[in-house]
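As structure tokens, the structure follows; a few thoughts come after it.
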Amino acid sequence: MPNFYYILLGTLFFFSTQAHSQIFTKITDVNNPIVTDTGPANYTGASWVDFDNDDDLDLFVNNGTLYRNDGNETFVKLNTTIGDGVALTTGNGHSWADYDNDGDLDVYISSRLSYLYRNDGNEVFTRIETGDIGNGSANRGWSCAWADYNNDGYVDLAITHPAGFVPPTNTALNNHLFLNDGSPNFGLTRVTTGPIVTGPKTAYTVGTWSDFDQDGDMDYFVGAGPANGSTQPDFLYRNLLVENGSASFERILDSPLGTDQQDGQIWNWIDYDNDGDLDAYLTNWGGNRGGIANRLYRNDGGTFTRLTTGTIVTDAQVSLSSVWGDFDNDADLDCYVANDNNQPDRYYENNGDGSFTRNTNIALVTSNSRRGASAGDYDNDGDLDMYIIGPGAGKALYRNDTDNGNSWLNVTCVGTVSNKAAIGAKVKVRATINGQAVWQMREILTQNTFNGHNSLRAHFGLGEASTVDTLKIEWPSGMVDEITDFLPNKFVTVTEGGEVTSVEDEILLTPKAFTLGQNYPNPFNPTTSIEYTLATTSDISLKVYNIRGQEIRTLLSGLQSAGTHTIAWDGRDNFGKTVAGGVYIYRIKTGSLVQSNKMVLLK
């Protein structure tokens, strides 16, 4: 087990509109291969991932290089079978997820020959060359991203193919979409219908998944380029799984998201203002124009407003990556932008009032033409570090040495009913900061920077909070786990179903007091049964809520004996009135543990 460190307590100063003091140290150790290896000349990406499950972050750079983290600032460059041996000249992407749900992360690499590499443990990767997913030339593309878009517990794969960018450039392909067939073979079957794969062959760049409307299914967002001096609306797709009962997509044409003229690159969905919904940030390239300002769209409860003031949306740059993270642990998200065409990179510090301050006195922005970046806490000290990738000297590893005494929480999610890596899970944390209850949200995503992604661990800064009031996980399956009232400054792992462990000392924070089963039948009319199991005699409540969170029925409340129990619901409220058909939530609570499931009443 690697050593874990805690941020030293200190005095925390709050400034409403001026940049805080942040320290990033560029690592120059000549024994560190991350430092000494030459940066790739092409447009490529990087990701922090724990590929060997030893509780620290390793680094993958998309020229086929994997660096194993051995702790204490030591990285070992591995000679693995992970690369395909092809000299890539036009840029390539990758995406990590556990596609076969076996407990370790696999990687798909998109390029002029695209392949899936299955992680077989012991630093061995096997290239999959069979089935629809095994045809490297037919699946060539620029970027790729995993997500479980049909909510069946297995991650699916999307690949963008920009016409004229990926050799052979004289043959344009549609974008690719593959549906995971699941156990036992975990084949990936090509999807041939729908707007994602039948749309126009154009200069698509990077595709990202996010449940932007928080309706329980993953939507897809593609920066459309064109990277030739012109602009056009990006290609954004709403998932209609919840609306129609089966996964399908429609193009979003609503203003401003679907109509603004862009040279779009990366769509990032983040809750920058901590109001509980996802806002959008888009980088624009515009290299033929000397740059185009990036876009920030504030989500006002489903209506999007494009912000027009502040350097974060007025700096005209040739931008590729944006990396969002709470780098100073003050409970709001900051933004780093990597720029192309020898332009300076940018760092925008969140002021906590909806505005940002451009910070030029920080090591991250001292070089130009970085292009890609990935954030993750590689030294496990509670703050986010950064690897920045660019040609030649543009590549660098920066350790976050900011010491302001702020609290933090780092959460790893493990799916059981949901996909194992919990891609698509929403992690929410509430803490009392400066006397105010503050909620924060992170989505676990596999493409949120240029041709790569940040760590799959959800990191939260908590300011001067001394307690985590609530940790809430909304799983792709629809299950919800809540844990309340525990100390911050911890690495925790949450397994779907409510089991929570503290990684640094392997102490169970809260016992798994119960399991809550899926109601049966589901959907149902007029009656369904709910099964639950208690580890010990416990004081519990089991209630039914509508999708707006309003209590409909208390099924039981009081002391219950250990063992397995079953209780029925007849579709009536607390007053004996039959309720309307639709989606309902049933929630069991005992002590600080809460677990929820969805059910559907048919009428």
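Side chains are part of it too, since the values below use all heavy atoms of this structure and drop only hydrogens, waters and symmetry mates.
- Arg572 and Val579 get closest at one heavy-atom pair: C-CG1, 4.3 Å.
- Contact record, Glu464 with Ile433: OE2-CA, 3.1 Å, taken as the closest heavy-atom pair.
- Residues Trp267 and Tyr237 keep their aromatic ring centres 6.0 Å or farther apart.
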Practice task
Output, in order, the C-alpha distance, side-chain angles, deciding distance and verdict of salt bridge (charged side-chain N to carboxylate O under 4.0 Å, His left out) for Asp570 and Arg553.
Solution key: CA-CA 10 Å; Asp570 59 3; Arg553 178 76 176 272; 3.2 Å; yes
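- Put simply, NZ on Lys577 and CD1 on Ile552 are 10.5 Å apart, with the number rounded to the nearest 0.5 Å.
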Problem - Verdict with reasoning, Asp254 to Arg238, per salt bridge (charged side-chain N to carboxylate O under 4.0 Å, His left out) - result: CA-CA 11 Å; Asp254 305 329; Arg238 179 183 289 108; 3.4 Å; yes
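- The CG atom of Leu555 sits 13.0 Å away from the CZ atom of Arg587 when rounded to the nearest 0.5 Å.
- Aromatic ring centres of Tyr99 and Tyr108 lie farther apart than the 6.0 Å criterion allows.
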Practice task
Would you check, one step at a time, whether the test salt bridge (charged side-chain N to carboxylate O under 4.0 Å, His left out) holds for Arg306 with Asp260?
Solution key: CA-CA 10 Å; Arg306 177 180 158 188; Asp260 277 1; 3.6 Å; yes
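- Listed for the Asn522 side chain is a donor-acceptor partner under 3.5 Å among the backbone atoms of Val600.
- A distance of 9.0 Å separates CD1 in Ile530 from CD in Gln518, rounded to the nearest 0.5 Å.
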Handout entry: Derivation of the ring-ring contact (aromatic ring centres under 6.0 Å, His included) call for Trp408 and Phe491
Key = CA-CA 9 Å; Trp408 49 271; Phe491 292 82; 5.2 Å; yes
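- Note: Trp439 and Phe460 fail the aromatic proximity criterion, with ring centroids not under 6.0 Å apart.
- Taken from CZ in Phe327 to CG in Asp334, the straight-line distance is 7.0 Å, to the nearest 0.5 Å.
- The ring pair (Phe, Tyr, Trp, His ring centres under 6.0 Å) test with Trp269 singles out one residue from Phe304, Tyr281, Trp324, Trp209, and that residue is Phe304.
- Going from atom CG of Asp332 over to atom CD of Glu349 covers 8.0 Å, rounded to the nearest 0.5 Å.
- A distance-only check finds no donor-acceptor pair linking the side chain of Ser418 to the backbone of Gly153 [under 3.5 Å].
- Shown are Asn419, Thr416, Val480; of these, the side-chain contact (heavy atoms from CB on, under 4.5 Å) with Glu496 is made only by Thr416.
- When ring centroids are compared, Tyr220 and Phe249 stay outside the 6.0 Å threshold.
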